[in-house]
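Computation of the quantities below employed the complete heavy-atom set of this structure, encompassing side-chain atoms and omitting hydrogens, waters and symmetry-equivalent molecules. All values derive from a computational prediction rather than experimental measurement.
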Amino acid sequence: MTMQELSRSYEEAAALLRIRLALLRKNLADSRDPEETWSLKRRISELTPILTQMNELAELTAHYYDRG
């Protein structure tokens with residue numbers, strides 16, 4: 001696997017994670033149950049840094065061989 005292929009894999013995974021986070025945020029907005037609200041907030045807070053890391057890794061691997 002090349003670094004470009006790896007970058008695309010990270011981008012695809014990040015896109016799926018963005019969709020999941022959007023769904024969790026929608027469910028959070030609709031939630032009336034305090035336990036469910038807490039659970040959704042916790043899950044969102046766990047997934048957000050993972051999305052950030054995926055985006056950073058996608059960028060890093062996309063330009064791994066660039067001079068700079």
Side-chain angles (χ1 to χ4, degrees):
M1 176 177 276
T2 67
M3 293 303 254
Q4 287 294 329
E5 292 168 335
L6 187 57
S7 177
R8 282 191 293 280
S9 294
Y10 280 123
E11 289 170 358
E12 291 168 6
L16 293 173
L17 190 51
R18 272 190 223 75
I19 292 168
R20 179 66 179 145
L21 281 165
L23 178 62
L24 289 170
R25 289 182 182 117
K26 182 190 178 308
N27 290 345
L28 179 61
D30 296 340
S31 177
R32 301 291 178 249
D33 178 21
E35 285 186 34
E36 181 183 24
T37 298
W38 179 85
S39 177
L40 290 166
K41 285 181 179 179
R42 181 171 165 251
R43 191 68 180 139
I44 291 167
S45 71
E46 291 171 346
L47 292 177
T48 301
I50 295 171
L51 177 60
T52 301
Q53 290 174 351
M54 280 188 192
N55 288 330
E56 291 171 354
L57 287 168
E59 183 69 19
L60 177 67
T61 54
H63 302 286
Y64 187 78
Y65 294 110
D66 294 351
R67 293 184 182 183

What are the two closest heavy atoms between M54 and Y10, and how far apart are they?
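Nearest pair, atom of M54 first, then Y10: O-CB, 3.9 Å.
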
Atom of Q4, atom of A62 and distance for their closest heavy-atom approach:
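For Q4 versus A62, the nearest heavy atoms are NE2-O, 2.7 Å.
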
Between [atom1] of [X] and [atom2] of [Y], what distance do you get to the nearest 0.5 Å?
X: S9; Y: M3; atom1: OG; atom2: CE; result: 11.5 Å
X: R42; Y: L47; atom1: CZ; atom2: CG; result: 10.5 Å
X: E59; Y: H63; atom1: CD; atom2: NE2; result: 4.0 Å
X: S45; Y: L24; atom1: OG; atom2: CG; result: 10.5 Å
X: L6; Y: Y64; atom1: CG; atom2: OH; result: 11.0 Å

Flag yes if I50 and L28 sit in one hydrophobic cluster, no otherwise; membership is Ile, Leu, Val, Met, Phe, Trp, Tyr, and two members link when side-chain heavy atoms are under 4.5 Å apart.
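Same cluster: I50 reaches L28 through Ile, Leu, Val, Met, Phe, Trp or Tyr contacts under 4.5 Å.
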
If hydrophobic clusters are built by linking Ile, Leu, Val, Met, Phe, Trp and Tyr wherever their side-chain heavy atoms come under 4.5 Å apart, do I19 and I44 end up in the same one?
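Different clusters: I19 never reaches I44 through Ile, Leu, Val, Met, Phe, Trp or Tyr contacts under 4.5 Å.
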
Applying the side chain to side chain contact (heavy atoms under 4.5 Å, CB included) test to N55, which of T52, L57, L51 qualifies?
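One option only clears the test, and that one is L51.
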
For E46, does the CD atom sit with more than 12 other heavy atoms under 6.0 Å from it, leaving out its own atoms?
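Check passes, neighbour count above 12.
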
Listed by chain and number, what are the salt bridge (Lys or Arg N to Asp or Glu O under 4.0 Å) partners of D30, not counting sequence neighbours?
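Per chain and number, D30 pairs via salt bridge (Lys or Arg N to Asp or Glu O under 4.0 Å) with K26.
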
With distance as the sole criterion, is a donor-acceptor pair present between the side chains of N27 and R43 under 3.5 Å?
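Checked: N27/R43 side chains show no N/O donor-acceptor pair below 3.5 Å.
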
